[in-house]
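Only one structure is covered here, and it is reproduced in the block below.
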Amino acid sequence: MSDRDEAEEVWNPKTKLGKKVANGQISNIKDAMNADQPIMEPEIVDQLINLNEEVILIGGTPGKGGGKRRTVSKRTARMHKSGARYNTKAMVVVGDKNNVVGLGYGEANDTRAAIESATREAKLNLIEVQHGSGSWEDQTEHTSSIPIESSAKVGSVQVSLKPAPKGTGLAASDDVKKLLELGGISDVWVQTQGKTQTRENLLKASFEALENINEVVK
């Protein structure tokens, strides 16, 4: 790697929050999330916490013998006077598998750029995940579930998250499981209504349901 490449990788914070993180005034991701200023630079998150990433399979192509093969991106086209213009969309979940999770949606000209855009948005859209025992019979400190029932609706999709006892597992679709697992949740019941095949709305509603818990418990 050349000196020029190394220089280009140096982060020069542009926001007040970024400068506080860079100079060590803020060293904890929760402090950054609860600061007066919103997180506007993904580098802030990179400096404070190591996150796992999962790409949601929101696209699909015709499979062999019929049906659809799920893909990481969705390609759309808009007709203009000069012809069709294509756009690629992607959705990414990030989390520390403890109590921080984020969801991002990105658009670009190609799949790789769309995933990068979605990852950036996810880092700017972090929430704290509240944990609970999941059952009044469980008097231990085991907090693998959520503390209260919560629901949210996006488009035609409604999602309800319900506390579940230890050992229940994640009674949810694979995509929603990714979101819950990255938020450190391992026991929960998930009920859905509406056109859940629209995975973007399904994930957004699940994310909002988690976020709504903060309004009551936090």
Side-chain angles (χ1 to χ4, degrees), residues 5-59 71-74 87-131 146 150 152 154 159 161 174-185 199-215 218:
D5 292 334
E6 291 181 353
E8 290 177 349
E9 291 184 359
V10 174
W11 173 44
N12 294 312
K14 299 178 181 179
T15 64
K16 290 183 179 179
L17 182 59
K19 291 176 182 177
K20 288 182 179 180
V21 171
N23 63 28
Q25 288 180 270
I26 293 179
S27 58
N28 184 283
I29 186 61
K30 290 185 180 179
D31 290 340
M33 292 166 62
N34 295 323
D36 294 334
Q37 304 90 20
I39 297 176
M40 300 295 290
E41 299 173 90
E43 293 86 357
I44 291 175
V45 177
D46 295 336
Q47 291 286 321
L48 299 177
I49 190 171
N50 293 320
L51 295 176
N52 299 278
E53 301 176 8
E54 287 281 358
V55 180
I56 304 300
L57 304 179
I58 63 172
T71 59
V72 299
S73 62
K74 177 186 291 186
N87 196 32
T88 301
K89 301 177 180 180
M91 178 172 275
V92 171
V93 178
V94 300
D96 66 347
K97 295 186 177 181
N98 187 13
N99 52 17
V100 172
V101 72
L103 179 67
Y105 192 70
E107 298 184 35
N109 294 327
D110 60 76
T111 298
R112 180 177 179 180
I115 292 175
E116 290 177 351
S117 176
T119 302
R120 175 185 175 88
E121 182 178 300
K123 291 178 180 180
L124 302 180
N125 192 31
L126 295 179
I127 62 169
E128 184 177 354
V129 180
Q130 304 297 330
H131 290 213
I146 53 178
S150 180
V154 175
V159 173
L161 306 179
D174 291 341
D175 296 320
V176 177
K177 281 182 181 179
K178 291 179 180 180
L179 174 70
L180 297 171
E181 288 171 349
L182 288 181
I185 301 296
R199 288 183 288 274
E200 301 98 306
N201 288 347
L202 176 63
L203 266 293
K204 289 177 181 179
S206 301
F207 184 76
E208 285 190 15
L210 281 178
E211 188 174 23
N212 290 341
I213 297 176
N214 289 333
E215 298 179 3
K218 195 171 181 179

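Numbers here simply count residues along the sequence, with the first being 1.
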Check whether any side-chain N or O of [X] sits under 3.5 Å from a backbone N or O of [Y] as a donor-acceptor pair, and report yes or no.
X: N125; Y: E121; value: no
X: R199; Y: L57; value: yes
X: S117; Y: A113; value: no
X: S150; Y: L161; value: no

Distance check, rounded to the nearest 0.5 Å: [X] atom [atom1] versus [Y] atom [atom2]?
X: D110; Y: N87; atom1: CG; atom2: CG; value: 10.0 Å
X: E43; Y: K14; atom1: CD; atom2: NZ; value: 8.5 Å
X: I29; Y: L51; atom1: CD1; atom2: CG; value: 7.0 Å
X: E208; Y: N212; atom1: CD; atom2: CG; value: 6.5 Å
X: L210; Y: I146; atom1: CG; atom2: CD1; value: 7.0 Å
X: M91; Y: L103; atom1: CE; atom2: CG; value: 5.0 Å

Closest heavy-atom pair and its distance - [X], [Y]:
X: A90; Y: I58; answer: CA-CD1, 3.8 Å
X: A32; Y: L48; answer: CB-CD1, 3.7 Å
X: A209; Y: A152; answer: N-CB, 3.6 Å
X: K123; Y: V94; answer: N-CG2, 4.3 Å
X: T88; Y: A114; answer: O-CB, 3.6 Å

Under the side-chain contact (heavy atoms from CB on, under 4.5 Å) test against D96, which residue among N52, V129, I49 passes? I49
As a test of understanding, state which of L180, V93, I185 forms a side-chain contact (heavy atoms from CB on, under 4.5 Å) with V101. V93
Less than 4.5 Å apart, side chain to side chain, heavy atoms only: is that true for [X] and [Y]?
X: D36; Y: K16; value: no
X: I115; Y: T111; value: yes
X: V55; Y: T119; value: no
X: L203; Y: Y105; value: no
X: M40; Y: L124; value: no
X: T15; Y: I44; value: yes

Under 3.5 Å, which donor-acceptor pairs do the side chains of residues 17-26 form with other protein atoms, sequence neighbours left out?
| from | atom 1 | to | atom 2 | distance (Å) |
| --- | --- | --- | --- | --- |
| N23 | OD1 | Q25 | N | 3.1 |
| N23 | ND2 | K19 | O | 3.1 |
| N23 | ND2 | Q25 | OE1 | 3.0 |

Is the closest basic N to carboxylate O distance between E116 and R112 below 4.0 Å? yes
Pairing donors with acceptors under 3.5 angstrom, does anything connect the side chains of W11 and E41? yes
